[in-house]
Amino acid sequence: MGSAGLDVVIWGITREGRTFRPSDWAERLAGAMACFRPAGSAGGIAAYIGYSPFCVPTTVNGVKCVIVSEALRDVEPMAWDFVMNFARDNKLQLAEACLVPDMPPK
């Protein structure tokens, strides 16, 4: 994810502790953000394959979530607002995280 700054984790659990539905919400949200990519990344016909590195769905400890890079705010502030408003409107839990990049094998 973003190498500078924090990332935001949108958890698939409401503030009341309920699991958010539908079960594919994370993939849908990340899919809507798939076109927002770093400058110089692949475009054209291959651009639709995969999620944006700024907004990635995942599962942590059995809970669906979306990891949103703070870099999205600089690339497209309206997209950032959309994602944050989605979380707020659906009363989803948020957490800031500083994700550590994978280390190359020794």
Side-chain angles (χ1 to χ4, degrees):
M1 291 299 295
S3 59
L6 295 174
D7 295 320
V8 175
V9 180
I10 302 173
W11 293 96
I13 299 175
T14 65
R15 283 182 243 142
E16 294 83 23
R18 292 190 305 269
T19 299
F20 185 66
R21 298 282 181 233
S23 61
D24 66 344
W25 73 270
E27 292 82 2
R28 289 183 189 198
L29 180 60
M33 297 291 109
C35 62
F36 300 105
R37 298 179 178 273
S41 62
I45 195 163
Y48 73 92
I49 299 172
Y51 298 109
S52 165
F54 297 134
C55 189
V56 180
T58 191
T59 302
V60 176
N61 295 330
V63 178
K64 291 267 189 153
C65 58
V66 173
I67 301 172
V68 185
S69 173
E70 208 172 53
L72 179 61
R73 187 184 324 198
D74 297 328
V75 171
E76 182 50 65
M78 290 177 66
W80 172 266
D81 289 344
F82 175 82
V83 172
M84 293 300 110
N85 287 334
F86 174 87
R88 185 196 69 227
D89 293 348
N90 290 290
K91 299 181 173 113
L92 297 176
Q93 295 181 26
L94 297 174
E96 289 185 339
C98 182
L99 301 179
V100 178
D102 292 336
M103 299 299 292
K106 291 185 179 182

Atom pair [atom1] ([X]) and [atom2] ([Y]), whose distance is rounded to the nearest 0.5 Å:
X	Y	atom1	atom2	result
K64	F20	NZ	CZ	12.0 Å
M84	L72	CE	CG	8.0 Å
L92	W11	CG	CH2	12.0 Å
Q93	R15	CD	CZ	9.0 Å
E96	D7	CD	CG	9.5 Å
C35	F54	SG	CZ	11.5 Å

Report task. For the pair V83 and I10, evaluate side-chain contact (heavy atoms from CB on, under 4.5 Å) and give the outcome as yes or no after the intermediate values. Result -> CA-CA 9 Å; V83 172; I10 302 173; 3.4 Å; yes
Checklist entry - How far apart are the C-alpha atoms of Y51 and E27, what are their side-chain angles, what is the distance that settles it, and do they pass the side-chain contact (heavy atoms from CB on, under 4.5 Å) test? => result CA-CA 9 Å; Y51 298 109; E27 292 82 2; 3.5 Å; yes
Nearest heavy-atom contact between P53 and S69 is O-CB, 4.4 Å
Does CZ in F86 sit with more than 12 non-hydrogen atoms of other residues, nucleotides or ligands closer than 6.0 Å? yes
Side chains of P22 and R28: does their closest heavy-atom pair fall under 4.5 Å?
yes
Note, N90 side chain near T14 side chain (heavy atom, < 4.5 Å)
no
side-chain contact (heavy atoms from CB on, under 4.5 Å) with W80: of V8, V75, D74, only one passes, and it is V8
Quiz prompt | side-chain contact (heavy atoms from CB on, under 4.5 Å) assessment of C65 paired with T59 | solution = CA-CA 6 Å; C65 58; T59 302; over 6 Å; no
